[in-house]
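Step one of this worksheet: look at the structure below.
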Amino acid sequence: MEIWNRHFESMDRDGIRKVQGERLRETVERVYFNVPFYRNRMQEAGLGPESVHNIDDIRKLPFTTKQDLRDNYPFGLFAVPMSEIVRIHASSGTTGKQTVVGYTRADISTWSEVMARTLTAAGATRNDFIQIAYGYGLFTGGLGLHYGGEKIGASVIPISGGNTTRQIQLMHDFGSTVLACTPSYALFLAEAIQDSGIRREELKLKVGVFGAEPWTENMRREIEQKLKIKAIDIYGLSEVIGPGVASECLVQNGLHVNEDHFYPEIIDPETLDVLPAGSVGELVFTTITKEGLPLIRYRTRDLTRLHYEKCDCGRTLVRMDKCLGRSDDMLIIRGVNLFPSQVESVLLEMHEIKPHYLLIVDRQNNLDTLELKVEVEDEFFQDRISELETLRQRIQNSVESSIGIGLKVTLAEPKTIERSEGKAKRVIDNRKF
Amino acid sequence: MIIQQLSVFLENKSGRLTQVLEVLGRENIRITALSVADTSEFGILRLLVTEPDKAKQVLKNNDFTVNITEVISVSAPNEAKHYAKVLKILSDRNISVEYTYAFTVDDKSIIILRCSNNHEAINELKSHEMDLLTSGDLYKL
């Protein structure tokens with residue numbers, strides 16, 4: 001099995017810890033002098049750049065959260081002048097504000113490097129045709145895969161998401177060997193291929209790299225059976241870099257974290273204590289090479305576990321389990337992040353409905369569906385069907401344009417949506433992960 | 001001539017209509033007419049009742065979304081041509097009918113109408129000597 005960067009991907013533990021320590025020291029120095037936010041946080045904790053000597057000193061440093069990114073919207077946490085930034089991506093935030101990330105030329109090169117590792121670990125080479133059916137644009141999925149594909153010298157097909165008929169036709173005509181998309185879209189595509197009348201033997205597909213949303217082992221088996229390919233799990237988040245943070249190899253026994261660039265820790269989300277290896281907890285990343293937007297101990301809210309034993313593939317990089325859930329209420333719907341509070345803020349601006357709502361998430365024909373139930377306010381209740389239908393459509397349009405996810409709005413009778421004194425139940429997720 | 005009609009919002013789930021009627025029944029409220037308009041997801045129940053204000057309050061107390069809406073009522077012989085005549089009087093004056101329903105008492109049709117402008121509709125129907133009913137007339141039926 002090929003390894004893109006044998007030096008770093010198969011380094012022994014002492015070696016990698018030394019590299020991580022040096023890189024952490026440099027990162028802390030840079031953020032201390034270039035980002036007022038980090039300098040203030042460190043000074044409050046009585047720390048200076050000299051406080052960090054080796055990788056274990058990371059535990060002294062304060063955590064960073066999505067709220068911090070939001071508070072410093074859009075560029076407040078960037079550690080370089082804007083003249084050094086060559087790319088900006090963004091993902092949905094909790095209150096309509098996007099989470100903005102910036103890359104220097106070196107960051108793009110790092111991203112290409114980790115994506116080259118990802119694709120190589122999935123068995124891709126310069127002889128492959130990579131069909132990238134992740135969305136291109138502000139979302140990091142499409143371009144992340146794209147640069148990695150070019151880096152290994154493969155033939156990249158930047159088809160982007162959607163248009164299933166064309167996906168199948170190009171897959172067939174160009175002879176795509178690698179498919180990159182969300183796992184739910186892979187399943188959707190699998191069934192569309194069956195219906196298209198194209199026989200499997202006419203396709204050259206051999207492997208898929210799937211991520212950007214949670215999926216189960218059952219879904220993996222289903223994709224592998226239906227598409228007759230190997231389905232590889234990849235993990236990333238735009239704040240850290242995008243896809244390329246961690247990825248499976250062909251052994252499919254956990255995702256190798258590119259820990260020479262992104263240092264992972266597992267903490268207890270309540271006490272914030274670092275947990276011993278093998279415990280389930282919240283994944284925290286420190287970027288130790290990034291220039292544009294370095295993050296110190298960034299809380300991902302993803303729950304998982306880390307394994308430090310060497311993998312059969314020869315890599316020594318620490319492995320993380322498939323994400324087991326979230327320590328906050330974020331949902332991932334068709335690859336797009338959604339916080340219930342985003343919906344709430346739209347509803348609060350509409351007077352015709354009560355501020356009670358329920359989001360129902362399901363998966364039909366392998367695609368996520370989202371339903372929003374809202375209660376009609378008495379004073380605004382009109383007895384004309386057309387007016388209620390107009391109201392329903394208006395709610396639907398406002399919410400859709402704010403969250404960027406298609407949904408169905410249903411009007412409900414008063415008090416049919418559960419009230420609660422404490423944490424209200426706002427979400428019913430019927431998908432099985 | 002304006003008649004107070006009760007409109008109740010109902011989700012399309014079984015048993016809801018029964019509950020409305022049970023609530024009204026407990027208060028001995030009489031129903032003169034009833035009509036349901038529905039889509040695949042929700043319905044609107046329209047009722048003519050004795051004591052509409054009281055009926056609204058008891059339904060509200062039982063967590064129904066309910067409002068009082070204004071309709072008008074015409075009595076005409078129960079043949080299609082008379083219903084047609086009523087509608088034509090209105091359409092000739094560009095008064096649109098948002099919805100209508102009817103029921104029969106003896107050889108008479110009691111027609112209920114919600115128009116884009118109920119007052120204008122009343123004047124127009126009166127000038128054509130149509131037999132407009134008051135709420136008092138209806139409750140006596």
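The model shown is predicted, which means the values in this text are computed figures rather than measured ones. Naming: A, B, ... by sequence-line order, numbering from 1 per chain.
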Verdict with supporting geometry, Val66(B) and Phe381(A), side-chain contact (heavy atoms from CB on, under 4.5 Å): CA-CA 7 Å; Val66(B) 54; Phe381(A) 166 59; 5.8 Å; no
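For the residue pair Thr65(B) and Val376(A), the shortest heavy atom distance occurs at OG1-O, 3.9 Å. Between Arg114(B) and Arg384(A), the shortest heavy-atom distance links the atoms NH2-NH2, 2.7 Å. Across all their heavy atoms, Ile44(B) and Ile385(A) have their closest contact at CD1-N, 3.8 Å. Pairing each heavy atom of Asp383(A) with each of Arg46(B), the nearest pair is O-NH2, 2.5 Å.
Contact of Glu41(B) with chain A is made through the side chain alone, with heavy-atom distances under 4.5 Å. Of the two parts of Leu10(B), the backbone and the side chain both hold a non-hydrogen atom closer than 4.5 Å to a non-hydrogen atom of chain A. Contacts of Phe9(B) with chain A are made by both backbone and side-chain atoms, with heavy-atom separations under 4.5 Å.
Within 6.0 Å of atom NZ in Lys85(B), 12 or fewer heavy atoms from other residues, nucleotides or ligands are found, so the atom counts as exposed in its surroundings. Within a 6.0 Å sphere centred on CG of Asp195(A), heavy atoms belonging to other residues, nucleotides or ligands number more than 12. More than 12 heavy atoms of other residues, nucleotides or ligands lie within 6.0 Å of NZ in Lys60(B), so this atom counts as buried by the packing criterion.
With values rounded to the nearest 0.5 angstrom, Glu98(B) atom CD is found 7.0 Å from Glu387(A) atom CD. With values rounded to the nearest 0.5 angstrom, Asp63(B) atom CG is found 9.5 Å from Glu413(A) atom CD.
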